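Read the structure below first, then the notes.
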Amino acid sequence: MKAALRDSQGLGFDWMGQWTLHKWCLLVSVTTVFLLGLTCLVFSVLTWFAAYPTAPIILITDSPALILITFSSLLLLLASLVGITGTLLNSRPILAVYVLLLFPSFISFVSVGYSTYKKANFSLDSKVSEAWNIWYSPGARTVLQGALRCCGWSGPLHGAAASGTCYTRSPLPGCHGPLVRFERDTLSSASGTVFSLVPLHLANIFVGLLCANHVTHRFGKGITPARYRLTVHDILATGSDSKQSTKQTELPVPPHPVSTGHGAFREDRKLGSHSDKFMGKSSASAISSPGGSGV
């Protein structure tokens with residue numbers, strides 16, 4: 001009862017000293033989700049804007065993985081914001097939405113690791129060679145040659161994009177070796193980082209499932225079970241029972257006399273007038289008698 005009264009006060013905000021252990025676990029879990037999403041979003045934004053030297057290479061060679069990272073980071077941030085809102089407001093429906101959002105964010109996050117691992121470990125050389133000779137435009141080749149300081153695929157005479165540093169007799173090596181090594185290192189690092197964070201994300205889902213329904217001391221949803229709810233028949237039966245009990249305990253009450261204004265004073269006046277009339281009559285009879293005339 002005390003827990004229900006405490007949880008029903010205010011808009012859901014309470015002092016930190018009143019937080020349950022489940023709420024603290026939820027707060028830590030949501031914070032890790034937020035930091036993970038923020039880190040991925042910062043990395044993807046820096047890559048999209050080519051804020052570091054190797055960003056143009058990733059933009060050209062690994063754009064599908066970059067799109068997945070951006071989408072996954074947005075989902076993680078959305079889930080964390082919903083989770084923080086539900087945790088601070090003690091709202092179990094909002095926390096249920098937070099737990100549901102963790103599943104698509106987990107799938108998108110794992111898809112980044114799967115795509116990068118598959119590309120890095122299954123015929124990477126042939127994939128990079130095909131992309132260089134078929135899919136990359138001359139502008140993309142020029143960017144790769146400038147970032148990797150190379151010329152052409154295997155040399156200046158094979159698939160080279162003419163530029164100020166890449167020409168027929170350029171002393172620069174071909175881009176085959178540097179590009180394959182860069183792709184292998186980058187993709188392996190990305191897949192290893194993603195797969196190492198998978199247990200953390202699973203733990204966040206586990207914590208959300210267990211603690212979302214215990215964010216406060218209140219048990220259940222706070223709704224009275226159906227068998228204990230009052231119905232119209234119960235109220236009518238209670239009213240009839242109370243009427244019968246009052247009838248049985250009633251005592252006879254004598255009627256109160258009803259006052260009719262100043263009737264008592266009128267009766268006194270009437271008695272006084274009658275006595276005055278009687279005294280007047282007696283004095284008149286005494287004067288008219290023979291004994292009275294002799295006087």
Side-chain angles (χ1 to χ4, degrees), residues 1-45 65-117 189-230:
M1 187 64 183
K2 292 181 180 179
L5 292 175
R6 181 172 58 251
D7 297 337
S8 63
Q9 295 175 356
L11 294 175
F13 292 100
D14 47 12
W15 296 103
M16 296 178 66
Q18 299 177 354
W19 288 9
T20 61
L21 179 61
H22 302 86
K23 187 169 183 175
W24 282 109
C25 293
L26 266 177
L27 185 63
V28 173
S29 175
V30 172
T31 304
T32 58
V33 174
F34 176 77
L35 293 176
L36 179 60
L38 183 63
T39 304
C40 293
L41 183 62
V42 169
F43 170 76
S44 60
V45 169
L66 184 60
I67 294 172
L68 285 175
I69 292 175
T70 306
F71 180 70
S72 177
S73 64
L74 293 176
L75 277 179
L76 288 169
L77 285 177
L78 177 62
S80 64
L81 292 177
V82 174
I84 291 174
T85 303
T87 303
L88 295 180
L89 292 179
N90 298 329
S91 176
R92 299 181 185 185
I94 297 178
L95 289 174
V97 176
Y98 159 71
V99 175
L100 288 177
L101 287 174
L102 288 178
F103 288 95
S105 61
F106 173 74
I107 294 173
S108 62
F109 190 68
V110 171
S111 64
V112 176
Y114 171 75
S115 62
T116 53
Y117 178 81
S189 300
S191 60
T193 303
V194 170
F195 289 142
S196 64
L197 292 173
V198 165
L200 176 63
H201 201 87
L202 290 176
N204 290 329
I205 295 176
F206 186 73
V207 170
L209 289 172
L210 289 183
C211 301
N213 205 33
H214 302 282
V215 70
T216 58
H217 295 278
R218 186 181 63 187
F219 178 77
K221 297 182 179 179
I223 301 176
T224 306
R227 60 182 300 180
Y228 298 109
R229 298 174 189 170
L230 287 176

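Just so it is clear, the structure is predicted and the values come from calculations on it, not from any experiment. Hydrogens, waters and symmetry mates are skipped; everything else that's a heavy atom, side chains included, is used. Here, residue 1 is the first one in the sequence, and each next residue gets the next number.
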* To do: From the options Leu68, Val194, Leu75, Ile69, select the one residue that forms a side chain to side chain contact (heavy atoms under 4.5 Å, CB included) with Phe109.
  => Val194
* To do: Answer yes or no: is there a donor N or O on one side and an acceptor on the other, between the side chain of Ser44 and the main chain of Cys40, under 3.5 Å?
  => yes
* To do: Could you name each residue pair satisfying ring-ring contact (aromatic ring centres under 6.0 Å, His included) that touches residues 70-104, not counting sequence neighbours?
  => none
* Who passes side-chain hydrogen bond (donor to acceptor under 3.5 Å, both in side chains) against Ser111, sequence neighbours left out? -> none
* Asked: With a 4.5 Å heavy-atom cut-off, do Leu27 and Trp24 have their side chains touching?
  -> yes
* To do: Answer yes or no: are there more than 12 heavy-atom neighbours, outside Phe195 itself, under 6.0 Å from its atom CZ?
  => yes
* To do: Rounded to the nearest 0.5 Å, what's the gap from CG on Leu210 to OG on Ser29? Could you check?
  => 10.5 Å
* side-chain hydrogen bond (donor to acceptor under 3.5 Å, both in side chains) partners for Ser191, two or more places apart -> none
* Asked: How far does OG1 of Thr116 sit from CG of Leu66, to the nearest 0.5 angstrom?
  -> 12.0 Å
Identify all side-chain donor-acceptor contacts of residues 78-86 below 3.5 Å with residues at least two apart in sequence or on another chain.
| residue | atom | partner | partner atom | Å |
| --- | --- | --- | --- | --- |
| Ser80 | OG | Leu76 | O | 3.2 |
| Ser80 | OG | Leu77 | O | 2.7 |
| Thr85 | OG1 | Leu81 | O | 2.8 |

* Partners of Ser108 by side-chain hydrogen bond (donor to acceptor under 3.5 Å, both in side chains), sequence neighbours excluded? -> Ser72
* Closest non-hydrogen atom pair between Lys23 and Leu88, with its separation -> NZ-O, 4.1 Å
* Go through the structure and list residues passing side-chain hydrogen bond (donor to acceptor under 3.5 Å, both in side chains) with Ser73, not counting sequence neighbours. => none
* Asked: For the atom pair OG1 (Thr87) and CG (Leu95), what is the distance rounded to the nearest 0.5 Å?
  -> 5.0 Å
* Structure fact -> Applying ring pair (Phe, Tyr, Trp, His ring centres under 6.0 Å) to Phe106 and not counting sequence neighbours gives His201
* By side chain to side chain contact (heavy atoms under 4.5 Å, CB included) - contacts of Leu200 (at least two apart) -> Leu197, Asn204
